[in-house]
Amino acid sequence: DESDESEEGDDDDDDDDYDSDDDKPLAAMSSSSSSKKAAVKTKLKIKIRASPEVPKKVKREDTKPRKAIKEDPDRKKPAKKNTRELKKLDKTERLQYAMQAFLWWEAPVLAEGVNWSTMEHAGVSFPEDYEPHGVKMLYNGTPVDLTPAQEEAATFFAAMDPDGMHLGNPKTAPIFIKNFFADFKGILGRQHVIQKFEKCDFSPIRQHLNEQKMIRKAITDDEKKANKEDRNQVLHRFGFAIVDGHIERVGNYNMEPPGAFRGRGEHPKMGKLKSRVAPEQVSMNLSECAAVPKCPVPGHAWGDVRHDPRGQWLATWKENINGQSKYMQLAAQSSFKGKSDRSKYSKAGLLCKYITKIRKSYKKDLKNKNVETRQLATATWVIDRLALRVGGEKDTDEEADTVGCCSLRVEHLTFDPNDEGIDNKEIELEFLGKDSMLFKQTIDFGAEMYNQGEGGLGNQVFENLKAFCKKKKKTEEVFHAINPTMLNAHLKQFMDGLTAKVFRTYNASKTLQEELRKHETSPLWANLSATEKVVQYNNANREVAILCNHQRSVSKAQETQLESIGVKLATLKKQRKQLKAIGRKLVAGDSDIPLRKSSQAMDEDVKAALAKAKRMKEAATTKEQKIKATEADEKAKQKKRDLAQAKFEKAHLWEKVPSQDQVKKRIVAWTAKVAKMELDLKHKDDNKEVSLGTSKINYMDPRISVAWCKRNEVPIEKIFSKTLRDKFNWAMAVSPDWEFNESIGNEA
DNA sequence: CTTCAGGACTCAGAAATGTGCGG
DNA sequence: CCCGCACATTTCTGAGTCCTGAA
């Protein structure tokens, strides 16, 4: 410890040597000078513990690169030697290299149930205190004085979009308002003038917020840069942790700000005020030997400091709406998440080995005399074939009423939905699943696809479901005799660690692999370009997303966009018709040909307006000027759009009388345009409600995609974004013939 | 030993933000 | 070559699943 002390001064000086705090290395080290000493000290300790071969006395000029790129000895040396010639890496880049250099899957494994031996981080970053704006809401038409806390609450409500998913929905708006107002009144106190929501008028605050938005829109490029720099500062202070001597990204290092609770679906608590979390409510998890990070809020301290290496979490606190725990954890590209992810997929791969046995078992048990056994078998079929979630019990006073397999109620099943008669084996399943997403499918249990192969027992499952629903009230559970715990216990008999959710991973990965293979074996495949192959990949991805019922709601913007494409399409068709008429006129020698005027004057008009708005933006210093500038800018842009629209409507015409040949050519061009747009529209319409991302991020084994890319010479960048490549770094080295099957179960 | 609440993690779509392409 | 817009990506935090440990 003594020698550590003596180094500390050294290291401190060193920090000050280099130019700015942009260069200060890690999280813990960039806190203000008082905590710096402690942090530096511990950091060195860790270094020594983690890698005993590092000499105790670190030379001053050696310190900087080692901190940033210490994981990569090959990179360190040349970078050091050539400092003058090479472009200096900025801090973000150095950290990036340091993180990439650590390949956790090649590192020694820790003891069972332990996630780390040393861990240090900078704690949680807290949002700024509330800054009162002084804009008064109206009650009964008169302005009301509010304390900052009261004003803050009013502002949370004013910030809600009146047409958004909470207040715009007539089913949820009353819940939201009731909850909000109850909490608001709690802050106001009993004696307050504000008593009835109907008499409240938040529009002055709403208007103020809109103004603020306008002001923010008017920022110059320099200000934008400065904002980004600020965010980077926070990232560099809080965004990194050191786990067992390796730098790792922290996921959610920003404390959730207070606001109105935005529950999904018909959440009974939406609109309640989510309160500001104080450092005292937050517990830290880090090494015993690590410096406790300085609490970033002046005058406050962390609630608790724990040292639990079994946990992945860095900090935890409780939210006040449902009393549930929230966590600060490492980011998706970290070793913690990577390890869990790989073991998840390996477990799913291992299911390949046991699936036949499981299907044979439920085939037998579907007819078992014992209700419990029969329900377990039927539920397993549903989870296996329909990819439903297990469906835990929910308290509808506290949470939205959503269901999964075990919690399905009689009312969610409609037998013979189309009144087709006795032989009909269709059931319409209609219920709200996770996130209140609608599951609405008519399953024909008599269909071939549900009666073929080892899992095909549709007819029997249909009989069972019918029997389970018999003599029950609408609100009773279909699978009354079982629950998720029993179901999972049942599944564990077949395979170690098997639970209901593994089936979703298994089926998603399996489906992706099979869908991809289908195309690869077709004779024309080899001729396709990489882009065309990617289209097929996305089609396979779509199959998985549909299987898992991953949806997205169509936003207003998308809706109007689709509409406008429709209008454009109609215009194009009309234009083509007109072109044909012009062609006929030309043949007949008719000289009455519609022409278009030059738009030059209007073009310049629009240009001038835009330029003026830009000048206003740059010159604006006061609030009013900024708002004016943004308004002028928007006006000019609208003008431009209008002009573009007008131009588009006349785009098929000429300024001078065209030749017959010109007209012919243009008709061909317009036909192509129409065809392209029709296809585009159909494609957009088909996909507007399917969300591909969720299955890509959570369900499809990335090694299937990587191997496919390698086999087909498709660059991985076309399939996985940067973050996804980082998240799946452990999967990048698989061979082109890698397969998702039971053999991958080893790492589970 | 059993039960069950709550702790700890994965999975989810909306919203915010970034980017690249076509006019 | 530039600029706006459509589309892609990232951030945010709510909503599930599953298991553990306390009573």
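In what follows, chains carry the letters A, B, and so on, assigned in the order in which the sequence lines appear, proteins first and then strands, with residues in each chain numbered from 1. Computed from a predicted model, the values in this text were never measured in an experiment. Excluded from the calculations below are hydrogen atoms, water molecules and symmetry mates; all remaining heavy atoms, backbone and side chain alike, are included.
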Among the nucleotides [options], which one has an atom lying closest to any side-chain atom of [X]?
{"X": "Lys344(A)", "options": "dG14(C), dG13(B), dT10(B)", "value": "dT10(B)"}
{"X": "Glu256(A)", "options": "dC11(B), dG14(C), dC19(C)", "value": "dG14(C)"}
{"X": "Asn254(A)", "options": "dA12(B), dG14(C), dC12(C)", "value": "dC12(C)"}
{"X": "Asn488(A)", "options": "dC18(C), dC9(B), dA15(C)", "value": "dC18(C)"}
{"X": "Gln329(A)", "options": "dG14(C), dT17(C), dC9(B)", "value": "dC9(B)"}
{"X": "His550(A)", "options": "dC9(B), dA15(C), dG13(B)", "value": "dG13(B)"}
{"X": "Lys501(A)", "options": "dC11(B), dT13(C), dT17(B)", "value": "dC11(B)"}
{"X": "Arg389(A)", "options": "dA12(B), dA15(B), dT13(C)", "value": "dA12(B)"}
{"X": "Ser721(A)", "options": "dT10(B), dA12(B), dT10(C)", "value": "dT10(C)"}
{"X": "Lys318(A)", "options": "dT13(C), dG7(B), dC18(C)", "value": "dG7(B)"}

By nearest heavy atom, map Cys548(A) and Gly164(A) onto DNA chain B; which one lands nearer the 5' end?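 Closer to the 5' end of DNA chain B: Cys548(A).
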
5' priority, DNA chain B, between Arg262(A) and Arg306(A) [closest heavy atom]: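 Upstream on the strand: Arg306(A).
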
With a cut-off of less than 4.0 Å, is there a side-chain N or O of [X] near OP1 or OP2 of [N]?
{"X": "Lys326(A)", "N": "dG14(C)", "answer": "yes"}
{"X": "Arg504(A)", "N": "dA12(B)", "answer": "yes"}
{"X": "Thr402(A)", "N": "dA15(C)", "answer": "no"}
{"X": "Thr316(A)", "N": "dG7(B)", "answer": "no"}
{"X": "Arg310(A)", "N": "dG21(C)", "answer": "yes"}
{"X": "Tyr327(A)", "N": "dT10(B)", "answer": "no"}
{"X": "Thr499(A)", "N": "dC18(C)", "answer": "yes"}
{"X": "Thr485(A)", "N": "dC18(C)", "answer": "no"}

Within the modelled atom types, does a donor on one side and an acceptor on the other bring the side chain of Lys434(A) and the base of dC11(B) under 3.5 Å apart?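 For Lys434(A), whose side chain was compared with the base of dC11(B), there is a donor-acceptor pair (under 3.5 Å).
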
Contact class for [X] (heavy atom, under 4.0 Å): base, sugar-phosphate, or nothing?
{"X": "Ala400(A)", "result": "nothing"}
{"X": "Gly391(A)", "result": "sugar-phosphate"}
{"X": "Lys274(A)", "result": "sugar-phosphate"}
{"X": "Gly433(A)", "result": "sugar-phosphate"}

On DNA chain C, compare the nucleotides closest to Glu393(A) and Thr723(A); which residue's is nearer the 5' end?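 Its nearest nucleotide lies further toward 5', so the answer is Thr723(A).
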
Identify, between Phe261(A) and Lys492(A), the residue whose nearest nucleotide on DNA chain C lies closer to the 5' end.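 Per heavy-atom nearest nucleotide, the more 5' residue is Phe261(A).
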
Phe261(A)/His267(A) aromatic ring centres below 6.0 Å: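 Judged by ring-centre distance (under 6.0 Å), Phe261(A) and His267(A) do meet the cut-off.
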
Between [X] and [Y], what is the ring plane arrangement, given parallel below 30°, perpendicular above 60°, and tilted in between?
{"X": "Phe240(A)", "Y": "His236(A)", "answer": "parallel"}
{"X": "Phe728(A)", "Y": "Tyr345(A)", "answer": "perpendicular"}
{"X": "Phe176(A)", "Y": "Phe157(A)", "answer": "tilted"}

